[in-house]
Number of protein chains: 2
Amino acid sequence: MNPKNNPPTMQEIAKRLGVSLSTVSRALKNHPRISEKTKQEVLKIAKEIEYEPNQLALSLLNKRINAIGVVVPQIKYHLYASAISGIEKAANEAGFNIMICQTNELFEREVSIVKELIASRVAGLIVSVASESRDFAHLEQVLRKGIPLVLFNRDCEQLKVPKVVIDNYTAAFQATEKLIESGCENIAFLAGPPQVQISNKRLTGYKSALRKHHLQIDYDLIIHCEFSQENAANATLKLLRSRQQPDAILAFSDQMAIGAMLSVKEAGLKIPEDISIIGFNNEPVDLLLEPKLSSVDQPGFEMGQIATQLLLNQLEENYEELNPPKKVLATKLVVRESLRF
Amino acid sequence: MNPKNNPPTMQEIAKRLGVSLSTVSRALKNHPRISEKTKQEVLKIAKEIEYEPNQLALSLLNKRINAIGVVVPQIKYHLYASAISGIEKAANEAGFNIMICQTNELFEREVSIVKELIASRVAGLIVSVASESRDFAHLEQVLRKGIPLVLFNRDCEQLKVPKVVIDNYTAAFQATEKLIESGCENIAFLAGPPQVQISNKRLTGYKSALRKHHLQIDYDLIIHCEFSQENAANATLKLLRSRQQPDAILAFSDQMAIGAMLSVKEAGLKIPEDISIIGFNNEPVDLLLEPKLSSVDQPGFEMGQIATQLLLNQLEENYEELNPPKKVLATKLVVRESLRF
DNA sequence: TTTTTTTGTGCAAAGGATTGCACAAATAAT
DNA sequence: ATTATTTGTGCAATCCTTTGCACAAAAAAA
């Protein structure tokens, strides 16, 4: 009716009906002490003027908004897109909205985003830290303020909070073992930057598998590089020129595996005949590559759901967890054409 | 200091210093009437107790939060991921946060998301409607309430609001013409659902190009199907069995083009020798396909930035646009191996 | 010295909704 | 008829911050 006007308030209803604010409030909440007649009248006018409760005012009362802050490196990574869907589902079911923010792997950005979210009084935070981040004062402050926090995917050992991660050690162990069983002997590992914990966990799993099968660990075959496809492609070129040419590559991510594939093909080598390749993340694109890329599937959606659950637990009245839980989710190696049998 | 406590307020500072609330407020905002001494003291305590202004209270005063609601079908679509980055950048520069929500192409979800965002009192909405949506009462309500709204990518003619779209007609026209110039004569169009306006615009462009070059429009070669890869693959199978086998396919999206590629290969046909293929969106995956997929590149990031700008304009004091602007962005056909020369 | 101006603070309302407490009217119990 | 209970509403404080107005003290001008 009144375009460009202020949104209708309960005041409005109260005035029209000649009752008090409290009565309107109670009528809308179906309070038992309010007469049926009054309730009907209030509801009628509310509908008439398209009244919607002002969440802002409610939030001020509750001292927090009805939303969970989600901080991820990049939403375009398949894993995060899935995780966000999982978070969204679980959060909505519990009546929460989510505020998604991306750090683009930048530490500065992460700090300011977290500050912003705190200032907006989100009910809690679900975070996967930027690869750049090494100082976690901003997250410690979140804890100090008593704001529920859950970390997922990327762990961060100094922070004592609930976490959901995948079993990176076992995942890499199994993938490596699979390569060994299929006859590979010189398995390269294309790792992420050396400060990234999940990369290091995988590296450990990789080494353990080699040891278990009495294979030499050749440090020329372990290469650290930034996450991009391009960096991986360059690193692979180096690998192919190394003293002992690899007959398999285990890459930290599918993006890196793809980079590796490109370089391998460019060098005139055949996948998987000359070199087998396994990636991580099981991105949809894997199915479209030639050969189809084998990959470690991570339960992103589930990870998001669980992370949310852990956060919701903290929001419970009587929560008092002394030893925050750390859920470790299992992965599944998806074998495709890039693997020789 | 006080873990699990309520966040510190200005009250706290005022009490400690024995001054009034207003003085604290003014000191923090560097009001000229406050003495330098008082300012220093206030600032000192503020830092000490880690005071952060409560955005909620501010928002209540301003009658809106410091955030823009962004509603998209799915964040995992490359176009939307880029657009979101563009929106985020522009919004942050203007001091706004963004709240991203995905509809998963569901009408119901879209309606409830929009309701939620309105109730949260976002400063404005940037929306790309779900493919399912045909009724736009929820968006009309946004307008009626005087909340700034911008539509992007997916147009919706009955809504008189600022829009940013790409020139779908010309994009399809040029792509079709390119196919014709490279010698194709039976060009199929793999369209989206018939109610989707941008699909229809592209269809019109496709037809115009055929007409311009005096080619017959063969309605057996125009197929409507849902957006998924699988549906496109099935539709393509049908196409390949049709009376007049196509020698080129223009697909509504890269996902659909990929579906088509799979079916074409499965049928034992060669791309581009037997059939040329062009998609839309220029997704990163295009480069990884064999053959590399040609595609119409859409300026997603830019689209997001412009959409945000149009929204910010509406937030200006004296905004009074009678004829809401519609920005039409140009696309660029990226020619790759899937196209014969 | 008296009047005017400047400087530094405080009071109180506003923004929208919730809720414990109080109170009157209606109903039930004695 | 009197007391006890139930039922329906309203008052006012609360959440946190901003800001126009008022007012006293200090400084400047007359």
Side-chain angles (χ1 to χ4, degrees), chain A residues 5-43 45-46 49-67 95 118-123 145-147, chain B residues 5-43 45-46 49-66 95 116 118-123 145-147:
Chain A
N5 244 15
N6 285 340
T9 69
M10 294 199 322
Q11 291 276 13
E12 194 73 22
I13 304 181
K15 211 176 292 170
R16 289 213 197 186
L17 229 57
V19 297
S20 79
L21 254 184
S22 5
T23 302
V24 175
S25 171
R26 293 193 177 105
L28 289 171
K29 306 199 77 187
N30 202 23
H31 190 285
R33 284 288 187 81
I34 300 293
S35 71
E36 206 48 48
K37 176 166 157 283
T38 310
K39 282 183 191 168
Q40 293 307 326
E41 292 174 336
V42 168
L43 250 38
I45 299 198
I49 65 176
E50 291 188 327
Y51 169 77
E52 298 273 355
N54 187 333
Q55 291 299 332
L56 238 40
L58 292 177
S59 301
L60 184 57
L61 271 179
N62 297 333
K63 299 181 172 194
R64 66 168 199 225
I65 62 175
N66 210 23
I118 294 178
S120 311
R121 300 295 194 267
V122 289
K145 298 207 172 198
I147 300 171
Chain B
N5 244 16
N6 284 340
T9 68
M10 295 198 323
Q11 291 275 14
E12 195 73 23
I13 304 180
K15 210 176 292 170
R16 290 213 195 186
L17 229 59
V19 297
S20 79
L21 257 184
S22 5
T23 302
V24 175
S25 171
R26 292 193 177 105
L28 290 171
K29 307 198 76 184
N30 201 23
H31 189 285
R33 284 287 189 81
I34 300 293
S35 72
E36 206 49 48
K37 177 166 157 283
T38 309
K39 282 183 190 169
Q40 293 306 328
E41 292 174 335
V42 167
L43 249 38
I45 299 197
I49 65 177
E50 291 188 326
Y51 169 77
E52 297 273 356
N54 187 333
Q55 291 298 333
L56 239 40
L58 292 177
S59 301
L60 184 57
L61 273 178
N62 297 332
K63 300 182 171 193
R64 66 168 200 224
I65 62 175
N66 210 23
E116 274 284 354
I118 294 179
S120 310
R121 301 293 194 269
V122 289
K145 298 208 172 197
I147 300 170

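To find a chain, count down the sequence lines: A is the first, B the second, and so on, and within it residues start at 1. What you see is a predicted model; the values in this text were computed from it and never measured.
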Practice prompt. Take B/L61 and B/V19, find for each the nucleotide of DNA chain C with the closest heavy atom, and name the residue whose nucleotide sits nearer the 5' end.
Written response: B/V19

Worksheet entry | Rounded distance in Å - CG (A/L60) to P (D/dT14) | 14 Å

Worksheet entry | Nearest-Å distance for atom pair CZ/C1', residues B/R26 and D/dC21 | 10 Å

Worksheet item: Can you check whether A/Y51 has a side-chain N or O nearer than 4.0 Å to OP1 or OP2 of C/dA17?
Response: yes

Worksheet entry | Nearest-angstrom distance from the residue atom NE2 of B/H31 to C1' of D/dT19 | 8 Å

Worksheet item: To the side chain of B/K29, which of C/dT9, D/dT19, C/dA17 is closest?
Response: D/dT19

Worksheet item: In whole angstroms, how far is the P atom of C/dA17 from the CD atom of A/E52?
Response: 11 Å

Discussion item. Categorize A/L56 for me: base, sugar-phosphate, or nothing, with a 4.0 angstrom heavy-atom threshold over every strand shown.
Written reply: nothing

Practice prompt. Evaluate the side-chain contact (heavy atoms from CB on, under 4.5 Å) criterion for residues B/M10 and B/Y51: first the C-alpha distance (whole Å), next the side-chain angles of each, then the deciding distance (0.1 Å), finally the verdict.
Written response: CA-CA 8 Å; B/M10 295 198 323; B/Y51 169 77; 3.2 Å; yes

Worksheet item: Heavy atoms, side chains only, cut-off 4.5 Å: are B/E50 and A/K145 in contact?
Response: yes

Worksheet item: Rounded to the nearest Å, what distance is computed from the CD1 atom of residue B/I34 to the P atom of nucleotide C/dT6?
Response: 18 Å

Worksheet item: Can you find a heavy atom in the side chain of B/S59 that is under 4.5 Å from one in the side chain of B/R64?
Response: no

Worksheet item: When you check the phosphate oxygens OP1 and OP2 of C/dG8, does a side-chain N or O of B/T38 lie under 4.0 Å from one of them?
Response: no

Practice prompt. Take A/T23 and A/S20 through the side chain to side chain donor-acceptor pair (under 3.5 Å) test and state the conclusion after the steps.
Written response: CA-CA 5 Å; A/T23 302; A/S20 79; 3.2 Å; yes

Response to the item:
Rounded to whole Å, the NZ-P distance (A/K63 to C/dA17) equals 20 Å

Worksheet item: Taking only N and O in the side chain of A/S25, is any of them less than 4.0 Å away from OP1 or OP2 of C/dT18?
Response: yes

Discussion item. Nearest whole Å is fine: how far is C/dA22 C1' from A/R33 CZ?
Written reply: 11 Å

Worksheet item: For C/dT9, does either OP1 or OP2 sit under 4.0 Å from a side-chain N or O belonging to B/S35?
Response: yes

Fill in: Contact under 4.0 Å: A/T23 side-chain N or O vs D/dG8 OP1/OP2
no

Worksheet entry | Whole-Å gap separating P (C/dT18) and CD (A/Q55) | 9 Å

Practice prompt. Decide yes or no, distance alone: a donor-acceptor N/O pair under 3.5 angstrom between the base of D/dC11 and the side-chain of A/S22.
Written response: yes

Worksheet item: Does any donor atom in the side chain of A/S35 or A/T38 lie under 3.5 Å from an acceptor atom in the other side chain?
Response: yes

